[in-house]
Number of protein chains: 2
Amino acid sequence: MKNTISDIAKIAGVAKSTVSRYLNGGSVSEATRRKIEHVIKETGYIPNSFAQSLKAKKTSMIGAVVPRLDSFASSQTVTGMDEALRESGYQLLIINTSQDLSREIEALYDLARQKISGIVLFATQITTSHLTAIEEIGIPVILLGQQHQDVHSIIYDDFAAGYDIGRYILAKGHRDIAYLGVTEKDVAVGVQRKLGFQQALKEHGGASADFYESGFRMSAAVEAASDILGSRDRQPSAIVCATDNIALGVMKAAHMRGIRIPEDISVTGFGGYDVTEVIHPGLTTIKYGYAAAGRLAARHVIKLVQEEHVDPLTVLSYEFMERESVDNRK
Amino acid sequence: MKNTISDIAKIAGVAKSTVSRYLNGGSVSEATRRKIEHVIKETGYIPNSFAQSLKAKKTSMIGAVVPRLDSFASSQTVTGMDEALRESGYQLLIINTSQDLSREIEALYDLARQKISGIVLFATQITTSHLTAIEEIGIPVILLGQQHQDVHSIIYDDFAAGYDIGRYILAKGHRDIAYLGVTEKDVAVGVQRKLGFQQALKEHGGASADFYESGFRMSAAVEAASDILGSRDRQPSAIVCATDNIALGVMKAAHMRGIRIPEDISVTGFGGYDVTEVIHPGLTTIKYGYAAAGRLAARHVIKLVQEEHVDPLTVLSYEFMERESVDNRK
DNA sequence: TAATCAAACGGAACCGGTTCCAATATGGTG
DNA sequence: CACCATATTGGAACCGGTTCCGTTTGATTA
């Protein structure tokens with residue numbers, strides 16, 4: 001049972017061009033329409049989409065290149081993208097790079113080979129390899145989470161968010177602060193948030209902060225936090241964390257040492273993961289609209305595919321979520 | 001700049017069959033090899049994978065049909081699948097159905113159209129439409145999370161897990177128990193876990209349980225829990241929840257009412273989400289190996305594609321995670 | 001030196017659709 | 001009834017690769 005369009009045509013006693021017309025809404029008489037319909041139902045014929053795309057020279061697929069799937073931010077964003085794409089008749093093809101930069105490049109070429117119409121790149125760093133790849137494949141690309149002047153970008157306002165967190169912590173009276181960040185290779189998370197925070201610190205004056213670095217995973221944060229909490233010299237009264245995951249790690253480390261939050265030490269996060277709301281105490285954090293960002297990225301990339309105008313840079317806003325993890329400095 | 005294999009051939013001054021041979025490791029002389037290599041580098045030629053798959057009549061893609069992406073279980077499982085597939089040279093195509101059963105059916109046909117080699121279906125319910133679709137598309141399918149005699153299945157041992165939880169709660173001295181479950185349409189989560197729990201109850205004797213139903217989302221669980229905790233008649237000393245999300249909802253509801261866990265009431269979950277470990281108190285729960293399940297599903301589907309033997313049913317084991325959310329009944 | 005053989009290569013068919021174009025059928029009009 | 005516009009249909013070319021087959025070339029061997 002091969003079931004190609006020629007088979008259908010033969011059985012129905014018509015030319016395959018007629019079957020094709022039937023399938024694509026061309027002019028077909030009522031009589032043959034019924035014949036063909038019957039044969040198709042009978043045989044369970046499913047058109048081969050390769051042959052179609054080969055002729056059409058394109059697909060209705062949009063690629064998403066993500067560093068990891070099992071994070072709150074990624075999965076929310078991807079879900080948002082998927083919704084928006086489906087509404088517009090596009091299909092999403094997700095490529096997970098497991099945080100391997102070289103695989104991001106591979107992914108770009110891979111998607112080009114598959115004649116994907118557009119790509120959303122969940123970026124952490126933009127290297128020259130990225131730029132040449134984007135250039136070479138000749139497919140519209142949207143950068144999500146990082147910006148570059150040569151590529152359409154959608155970013156979160158990490159600087160402003162960091163600034164807000166800084167102001168808030170200072171307004172709560174904290175003067176000895178630990179900032180637990182991540183690698184500066186990640187411009188948005190590692191640099192911008194910290195810069196915003198430092199700006200607040202500078203404007204305020206009279207407060208000092210020590211800067212530490214941790215990995216993105218919670219276990220790394222637990223370790224880093226243990227170092228901070230365990231040192232015998234002056235303890236910070238607040239720990240500002242570059243991500244919610246890190247903040248959760250800090251809270252766990254604190255709890256293991258019998259340090260109470262927020263009575264003994266205050267903690268803040270970044271991201272607005274769902275769990276930050278349900279845990280006790282609730283984590284004060286910055287909430288980004290990941291799903292909305294995904295939908296926006298989808299809409300942008302579709303516009304680019306259709307050669308409509310898209311602003312080269314979109315800055316997304318955020319929400320400040322004040323919960324219970326920050327106390328007034330005694 | 002079209003850059004088809006014919007263009008390359010023309011520029012290099014050879015036949016396109018020669019270029020094809022060059023690309024696929026056929027016999028090509030050193031001289032022409034260099035010529036072609038040079039032209040390809042020069043033009044940035046990328047072969048069109050449609051044309052390839054059209055001829056090959058298949059792809060190296062495996063589809064995953066998932067009800068939602070933004071859940072811990074799905075994203076972990078998908079990540080595991082992705083890893084295993086990549087190792088074997090397959091690519092993963094994820095289709096998110098947003099918990100819409102009819103879209104699962106669509107997805108199956110969609111994947112068939114795209115000549116996907118195999119499918120892993122993250123199932124919640126198996127209807128006859130599912131079975132006819134699976135039958136009709138003629139592509140190997142693995143059911144993950146639910147079982148059916150006619151389809152290769154991988155399931156978690158939900159019955160045994162429910163039984164273990166029941167025994168544990170009873171051993172801790174609880175006699176008035178509330179079971180907060182989900183719809184029985186979901187055989188694995190809604191039925192099996194409950195049956196296991198009831199079995200433990202029956203074997204033990206002398207304890208009673210009230211059964212409630214909630215949705216899967218945390219907000220639904222908060223509401224359901226509020227009903228249980230708010231009723232004036234006899235309060236249960238323990239609430240057994242069918243998922244971790246529901247347990248988290250219960251914990252939140254309890255906290256909002258000033259009810260302490262585990263001092264005033266004990267709580268258990270199912271699933272083993274990461275957060276259950278970091279929250280306070282840690283949630284006693286059943287931990288499933290989602291990533292491992294994903295990898296296994298990938299291996300199974302690959303075997304099916306290669307027409308090797310696969311056991312029709314694989315039952316995965318689990319880990320009992322005893323934490324702090326259950327106390328001895330006073 | 002002639003016969004033999006393998007490597008290298010070109011040409012053509014094929015995968016399964018879509019679409020253009022020309023041929024035929026249909027129907028309405030004067 | 002002849003004529004013309006329109007609807008329907010079949011045939012063939014094409015999309016961009018792969019592969020089979022037959023020919024050419026150069027080297028090896030008798």
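Values below: every heavy atom of this structure, side chains too, minus hydrogens, waters and symmetry copies. Below, chain A is the first sequence line, B the second, and so on; all start at residue 1.
Taking atom CG of residue B:N48 and atom C1' of nucleotide C:dG16, one finds them 14 Å apart after rounding to whole Å. Distance B:K115 NZ to D:dG17 P: 20 Å, rounded to the nearest Å. Between the CG atom of B:D7 and the P atom of D:dC15 there is a distance of 10 Å, given to the nearest Å. Distance OH (A:Y45) to P (C:dG16): 10 Å, rounded to an integer number of Å. When rounded to the nearest whole Å, the span between CD1 of A:I5 and C1' of C:dT19 equals 12 Å. Separating the CG atom of A:N3 from the P atom of C:dG16 is a distance of 11 Å, rounded to the nearest angstrom. If you take NZ of B:K10 and P of C:dG10, they are 14 Å apart, rounded to a whole angstrom. In this structure, the CD1 atom of B:I8 is 13 Å from the P atom of D:dT18, given to the nearest Å.
Aromatic ring orientation, B:F72 versus B:Y290: perpendicular (interplanar angle above 60°, classes split at 30° and 60°).
The side chain of B:T32 places no N or O atom within less than 4.0 Å of a non-bridging phosphate oxygen (OP1 or OP2) of C:dA8. Side-chain N/O atoms of B:S27 include none lying less than 4.0 angstrom from OP1 or OP2 on C:dC9. Contact annotation: A:Y22 side-chain N/O to C:dG17 OP1/OP2 distance is not under 4.0 Å. Between A:Q52 and C:dG16 there is no side-chain N or O to OP1 or OP2 distance below 4.0 Å. Between C:dA8 and B:S29, no contact under 4.0 Å exists linking OP1 or OP2 to a side-chain N or O. Applying the 4.0 Å criterion to OP1 and OP2 of C:dT18, one finds that A:N24 has a side-chain N or O inside that range. Side-chain N/O atoms of B:T4 include none lying less than 4.0 angstrom from OP1 or OP2 on D:dG16. Proximity of A:K16 to the phosphate of D:dG10: no side-chain N or O atom is located under 4.0 Å from OP1 or OP2.
Here C:dG10 is the nucleotide among C:dG16, C:dG10, D:dT18 with the atom lying nearest to any side-chain atom of B:T18. When each of D:dT19, C:dG17, D:dG16 is scored by its nearest atom to the side-chain atoms of A:K55, the top-ranked nucleotide is C:dG17.
In this structure, the side chain of A:D7 engages the main chain of A:T4 through a donor-acceptor pair within 3.5 Å.
Both B:L54 and B:S17 sit near DNA chain D, but only B:L54 has its closest nucleotide nearer the 5' end. The nearest heavy atom of DNA chain C to B:A51 and to B:A31 marks one nucleotide each, and the one closer to the 5' end goes with B:A31. Both B:R21 and B:F50 lie close to DNA chain D; mapped to their nearest nucleotides by heavy-atom distance, the more 5′-ward contact belongs to B:F50.
A donor-acceptor contact closer than 3.5 angstrom links the side chains of A:Q91 and B:D110. Checking A:S29 against A:T32 by side-chain atom types alone, a donor-acceptor pair falls below 3.5 Å. A donor-acceptor pair shorter than 3.5 Å cannot be found between the side chains of B:S27 and B:R21.
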Using a cutoff of under 3.5 Å, can you pull out all pairs of nitrogen or oxygen atoms linking the protein to nucleotides 23-27 of chain D, with atom names and distances?
none

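Residues A:G294 and A:M81 share a closest heavy-atom pair of O-CG, 3.1 Å. Closest of all the heavy-atom pairs between B:N3 and B:T43 is ND2-O, 2.9 Å.
Annotation: side chain to side chain donor-acceptor pair (under 3.5 Å) contacts of B:N96 (sequence neighbours excluded): A:D82.
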